[in-house]
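Step one of this worksheet: look at the structure below.
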Amino acid sequence: MKVNLVTTVGLDPTLLHHFIKYYKSIGIENFYIVVWGDSEIVKYDEIVNVLKTYNLEIYKDLRDVKTGNSIFLTDIYNEVISTKPNSWWIVADLDEFAVFPKPLEQFIYEDLMYNDVDFMYGIMLDRIGENGEFSELTYDDNIWKKFPNVGFISRSIRKNDVNWAGLLKGKYKLYEGQHKFTHFPNSHEEYANYIKDNKSLIQIHHFRWKKDHIDIEKEYVKMGEKWWGAQHQKVLDYMLEHNKIDVKDSRFLIENCPNDKFDSYSKWNDVLKLPTYDDENDNPRPTYY
């Protein structure tokens, strides 16, 4: 069984290198890399050079096509996975590294297929630099040691949905934002009930809080439509105001885990007891587990 992976890239070829390196290490062979963004700022040549080092090519070049449109981003992913409807896919933004409790193919066979399940949710955790700093990532770094701290930060700062709907058969379609599937109507209640009754089994280690992401967030704020830009503005505001993450903030459940091992983060069960989305309408937030 071969698992396919699709992502988009434009502004961060360094992270692309680490992204491919990690997913190759867990057994991914088929990469569908889509270049997307404003051609004036997309680092195209560097992206091509990174792909060459892994003997990969750009799958699709969508520079200057609906730049900053979050619905179109989801459309990109849905179009690509639909080319292999009966195959397994990982759909991951460039800063999303999915960590599984067992080898990937074994996980799919034993935890999903054996139970006649064709998709699985994950929950996003955040990787943080030493002492909470917004560290600078280079090509030569061990990304897990460069960002050795793990925490549950985006839920408190960005206040967005931190569920991840990125492991699925290609026959399914993702809903805008890649946080859920379209077979859930636009109903928080049905969505929340599913999440409540079906424990997430995947950790998504999120490499957003790094030095160069300050400039990337500025670009996202400029190009994103209202709600998407507003979420990125929250991240940017926090980064500019604080200059680092407060690792002692009890809300963030931060722990030092300088590796990619699922069991290293002992606070995972604490995360599972917390709400994983905020509907932004001041409605009561559900507690899931």
Side-chain angles (χ1 to χ4, degrees), residues 1-69 72-84 87-100 103-105 127 129 134-147 164 166-167 170 178 204-220 223 259-260:
M1 174 182 59
K2 290 185 178 181
V3 181
N4 309 286
L5 182 147
V6 58
T7 193
T8 59
V9 61
L11 304 179
D12 201 340
T14 307
L15 190 56
L16 174 66
H17 158 69
H18 290 280
F19 180 91
I20 296 171
K21 181 180 180 180
Y22 171 68
Y23 279 107
K24 276 187 168 289
S25 77
I26 66 169
I28 300 296
E29 298 179 10
N30 299 331
F31 289 82
Y32 293 73
I33 309 295
V34 178
V35 177
W36 183 54
D38 186 337
S39 59
E40 294 186 0
I41 59 175
V42 166
K43 298 180 179 179
Y44 185 83
D45 291 340
E46 292 177 63
I47 291 168
V48 170
N49 287 336
V50 169
L51 294 179
K52 283 182 178 179
T53 65
Y54 290 102
N55 197 29
L56 296 172
E57 297 179 349
I58 293 171
Y59 174 70
K60 188 170 289 190
D61 184 351
L62 294 176
R63 283 176 289 175
D64 299 321
V65 181
K66 297 186 179 180
T67 300
N69 184 327
F72 183 65
L73 173 59
T74 306
D75 288 343
I76 292 171
Y77 289 142
N78 282 331
E79 188 278 327
V80 175
I81 67 175
S82 70
T83 63
K84 294 183 177 181
S87 296
W88 282 96
W89 288 85
I90 289 177
V91 177
D93 291 338
L94 205 61
D95 55 8
E96 298 171 352
F97 290 45
V99 176
F100 299 90
L104 177 58
E105 290 192 10
R127 300 295 304 206
F134 302 137
S135 301
E136 182 176 0
L137 180 66
T138 71
Y139 284 105
D140 295 329
D141 284 326
N142 178 319
I143 193 171
W144 305 95
K145 292 182 178 179
K146 193 62 175 280
F147 298 88
W164 176 89
L167 179 64
Q178 300 88 249
I204 311 303
H205 290 238
H206 200 206
F207 290 87
R208 173 182 299 278
W209 306 97
K210 52 193 185 70
K211 185 176 181 180
D212 62 353
H213 223 92
I214 294 174
D215 289 334
I216 291 174
E217 289 294 342
K218 290 177 181 178
E219 294 297 336
Y220 287 160
M223 75 172 93
N259 58 59
D260 60 355

*Which pairs pass side chain to side chain donor-acceptor pair (under 3.5 Å) with one or both residues in residues 39-49, sequence neighbours excluded?*
Ser39-Asp64
*State whether the side chain of Trp36 and the backbone N or O of Val65 hold a donor-acceptor pair below 3.5 Å, judged by distance alone.*
yes
*Atom pair CG (Asn78) and OG1 (Thr83), whose distance is rounded to the nearest 0.5 Å*: 11.5 Å
_Could you check whether any side-chain heavy atom of Asn30 comes within less than 4.5 Å of a side-chain heavy atom of Lys84, counting everything from C-beta outward?_
yes
*Return the minimal non-hydrogen interatomic distance between Ser135 and Gly129, and the atom names on each side.*
OG-CA, 3.7 Å
*When rounded to the nearest 0.5 angstrom, what is the spacing between CG in Leu94 and CZ in Arg208?*
11.5 Å
*Might you point out which heavy atoms bring His18 and Asp141 nearest each other, and give the distance in Å?*
CE1-O, 3.0 Å
*Kindly indicate whether the side chain of Leu167, heavy atoms from C-beta on, has any atom under 4.5 Å from the side chain of Phe100.*
yes
*Taking the side chain as every heavy atom from C-beta outward, state whether Ile90 and Leu104 have any atom pair closer than 4.5 Å.*
yes
_Distance check, rounded to the nearest 0.5 Å: Ile33 atom CD1 versus Tyr54 atom OH?_
11.0 Å
_Measuring from atom CG of Asp140 to atom CG of Asn142, what distance do you get when rounded to the nearest 0.5 angstrom?_
11.5 Å
*Has Lys2 got more than 12 heavy atoms of other residues, nucleotides or ligands less than 6.0 Å from its NZ?*
no
*How would you list, by chain and number, every residue that makes a side-chain hydrogen bond (donor to acceptor under 3.5 Å, both in side chains) with Asp93, sequence neighbours excluded?*
Tyr77
*salt bridge (charged side-chain N to carboxylate O under 4.0 Å, His left out) partners for Lys60, two or more places apart*: Glu79
_Beyond-backbone contact of Val99 with Ile204, side-chain heavy atoms, under 4.5 angstrom_ = no
_Checking side-chain contact (heavy atoms from CB on, under 4.5 Å) between Val80 and each of Leu5, Val6, Val91, Thr7, which is the one that passes?_
Val6
*Does anything in residues 5-23 pair up under salt bridge (Lys or Arg N to Asp or Glu O under 4.0 Å), and if so which pairs, sequence neighbours excluded?*
Asp12-Lys210
*With sequence neighbours left out, write down each residue that passes ring pair (Phe, Tyr, Trp, His ring centres under 6.0 Å) with Trp144, or none if nothing qualifies.*
Tyr22, Phe97, His205, Phe207
*So, for Trp164 and Ala98, which heavy atoms are closest and what is the spacing to 0.1 Å?*
CH2-CB, 4.2 Å
*Would you check if Trp88 and Glu105 make a side-chain contact, meaning some heavy-atom pair closer than 4.5 Å?*
no
_Closest contact, heavy atoms only, His206 versus Glu96_ = CD2-CG, 4.0 Å
_Less than 4.5 Å apart, side chain to side chain, heavy atoms only: is that true for Val42 and Ile47?_
yes
*asked:* Just verifying a value: how many Å separate Asp260 CG and Ile143 CD1, rounded to the nearest 0.5 Å?
replied: 10.5 Å
*Do the non-hydrogen side-chain atoms of Gln178 and Thr74 ever get within less than 4.5 Å of each other?*
yes
*Report yes if the side chains of Phe147 and Leu137 come closer than 4.5 Å at any heavy-atom pair, otherwise no.*
yes
*For Tyr32, ring pair (Phe, Tyr, Trp, His ring centres under 6.0 Å) partners two or more places apart*: Tyr59, Trp89
